[in-house]
Amino acid sequence: MSDAEISAHLRAHDVTPTQQRVDIARILFARPQHLSADQVLSIVNQETQLVSKATIYNTLNLFARKGLVREVIVDPSKVFYDSNVSDHHHFYNVDSGELMDIDSQALKLDQLPTLPEGTEADGVDIIIRVRSRG
């Protein structure tokens with residue numbers, strides 16, 4: 001995506017396209033991928049001027065709230081930002097730290113439990129934890 005396309009994409013999601021947001025979006029939308037905030041910070045600071053950790057976190061949280069990325073929490077200390085916002089699930093390798101997509105059609109759910117009164121389902125995220133044999 002060009003910077004102009006990225007800016008238009010951000011505006012379409014009601015996000016003002018600052019230079020730092022465009023730089024972060026360029027990395028996230030380069031291909032389907034799962035990146036932690038620290039990985040985004042490292043890549044952004046290799047390619048452009050220095051961007052603070054707070055700016056990275058604030059931008060990733062904004063992108064998640066606006067539906068530009070999915071926040072995938074694999075444990076309380078490990079969060080990935082997924083550029084694939086379609087319905088899908090994940091394998092998480094606890095040994096390597098790798099997060100891999102599972103097509104939503106590959107997993108069958110017959111029904112959800114009864115939801116608490118006054119709520120509606122907003123999505124289903126399933127993470128299957130795996131580890132290397134041996």
Side-chain angles (χ1 to χ4, degrees):
M1 282 181 143
S2 70
D3 284 1
E5 292 170 320
I6 290 170
S7 292
H9 188 58
L10 294 177
R11 278 190 203 94
H13 285 82
D14 199 28
V15 174
T16 303
T18 65
Q19 185 59 53
Q20 291 176 325
R21 288 174 180 168
V22 170
D23 291 341
I24 293 166
R26 185 182 316 109
I27 290 161
L28 290 170
F29 305 142
R31 64 185 175 283
Q33 58 188 330
H34 308 98
L35 296 172
S36 68
D38 286 337
Q39 289 171 314
V40 173
L41 177 67
S42 176
I43 296 167
V44 167
N45 286 337
Q46 286 175 3
E47 296 182 1
T48 63
Q49 74 282 3
L50 292 181
V51 176
S52 74
K53 192 174 213 175
T55 297
I56 297 292
Y57 276 99
N58 289 338
T59 300
L60 291 171
N61 288 328
L62 172 65
F63 286 4
R65 278 195 321 275
K66 296 294 185 170
L68 289 159
V69 296
R70 285 177 62 185
E71 191 176 57
V72 181
I73 302 169
V74 296
D75 71 42
S77 67
K78 189 72 169 175
V79 177
F80 288 96
Y81 295 88
D82 188 351
S83 61
N84 178 357
V85 294
S86 68
D87 287 337
H88 68 284
H89 307 288
H90 294 95
F91 286 117
Y92 175 64
N93 187 311
V94 295
D95 294 328
S96 70
E98 183 180 9
L99 191 66
M100 298 159 278
D101 288 346
I102 302 171
D103 186 285
S104 63
Q105 299 303 313
L107 191 65
K108 304 290 187 233
L109 292 175
D110 290 339
Q111 68 182 48
L112 294 176
T114 302
L115 300 175
E117 188 173 328
T119 66
E120 62 184 22
D122 187 41
V124 176
D125 296 317
I126 296 174
I127 299 171
I128 300 172
R129 288 167 178 72
V130 298
R131 65 177 63 251
S132 304
R133 287 187 184 150

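Starting from 1, each residue takes its place in the sequence as its number.
Taking the salt bridge (Lys or Arg N to Asp or Glu O under 4.0 Å) definition, one finds that K78 meets it with nothing, sequence neighbours left out. In this structure S77 satisfies the side-chain hydrogen bond (donor to acceptor under 3.5 Å, both in side chains) test together with D75, sequence neighbours excluded. Considering only residues two or more places apart in sequence or on other chains, H89 meets the ring-ring contact (aromatic ring centres under 6.0 Å, His included) condition with none of them. Take F29 and apply the ring-ring contact (aromatic ring centres under 6.0 Å, His included) test, not counting sequence neighbours, and it matches H9. Looking at residues two or more places apart in sequence or on another chain, you find a side chain to side chain contact (heavy atoms under 4.5 Å, CB included) between I128 and F91, I102, I126, V130.
One finds the CD atom of Q33 at 6.5 Å from the CG atom of L28 (value rounded to the nearest 0.5 Å). A distance of 8.0 Å separates CD1 of I127 from CD1 of I73, quoted to the nearest 0.5 Å. Separating the CZ atom in R65 from the NE2 atom in H13 is a distance of 14.0 Å, to the nearest 0.5 Å.
At distances below 3.5 Å, not a single donor-acceptor pair connects side-chain atoms of R129 with backbone N or O atoms of V94. At distances below 3.5 Å, at least one donor-acceptor pair connects side-chain atoms of S7 with backbone N or O atoms of D3.
Note on residues 66-88: pairs passing ring pair (Phe, Tyr, Trp, His ring centres under 6.0 Å), not counting sequence neighbours, are H88-H90. Annotation: ring pair (Phe, Tyr, Trp, His ring centres under 6.0 Å) contacts involving residues 99-123, sequence neighbours excluded, are absent. Counting only residues at least two apart or on different chains, the side-chain hydrogen bond (donor to acceptor under 3.5 Å, both in side chains) pairs with a member in residues 115-125 are R70-D125. The list of ring pair (Phe, Tyr, Trp, His ring centres under 6.0 Å) pairs with a residue in residues 108-134, not counting sequence neighbours, is empty.
Taking Ile, Leu, Val, Met, Phe, Trp and Tyr as hydrophobic and joining them when side-chain heavy atoms fall under 4.5 Å apart, one finds Y57 isolated, its cluster having no other members. Within the hydrophobic cluster formed by Ile, Leu, Val, Met, Phe, Trp and Tyr side chains joined at under 4.5 Å, directly or through other members, V85 stands alone, with no partner residue.
A single hydrophobic cluster is seen to contain both V79 and V51, as judged by linkage of ILVMFWY side chains at heavy-atom distances under 4.5 Å, directly or through other members. A continuous path of ILVMFWY side-chain contacts below 4.5 Å connects V15 to V40, so both sit in one hydrophobic cluster. Side-chain heavy atoms closer than 4.5 Å link hydrophobic residues (I, L, V, M, F, W, Y) into clusters, and following such links, even through other members, never connects V72 to V69. I27 and L99 end up in different hydrophobic clusters when Ile, Leu, Val, Met, Phe, Trp and Tyr side chains are linked at under 4.5 Å. Note on F63 and I6: same hydrophobic cluster, where clusters join Ile, Leu, Val, Met, Phe, Trp and Tyr whose side-chain heavy atoms are under 4.5 Å apart, directly or indirectly.
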Under the side-chain contact (heavy atoms from CB on, under 4.5 Å) criterion, do R21 and I24 qualify, and how do the steps go?
CA-CA 5 Å; R21 288 174 180 168; I24 293 166; 5.8 Å; no
* Please test Q20 against T59 for side-chain contact (heavy atoms from CB on, under 4.5 Å), starting from the C-alpha separation and ending with a verdict. => CA-CA 9 Å; Q20 291 176 325; T59 300; 5.8 Å; no
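Under the 3.5 Å distance criterion, with hydrogens and angles disregarded, no donor-acceptor pair is assigned to the side chains of N84 and H34.
Between V22 and P17, the shortest heavy-atom contact is CG2-CB, 4.0 Å. For the residue pair A37 and I56, the shortest heavy atom distance occurs at O-CG2, 3.6 Å.
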Name each donor-acceptor pair under 3.5 Å that joins a side chain in residues 103-115 to protein atoms two or more places apart or in another chain, with its distance.
| from | atom 1 | to | atom 2 | distance (Å) |
| --- | --- | --- | --- | --- |
| D103 | OD1 | Q105 | N | 2.6 |
| S104 | OG | D87 | O | 3.4 |
| K108 | NZ | Q105 | O | 2.7 |

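A 4.5 Å side-chain heavy-atom check between L35 and L60 finds every atom pair outside the cut-off.
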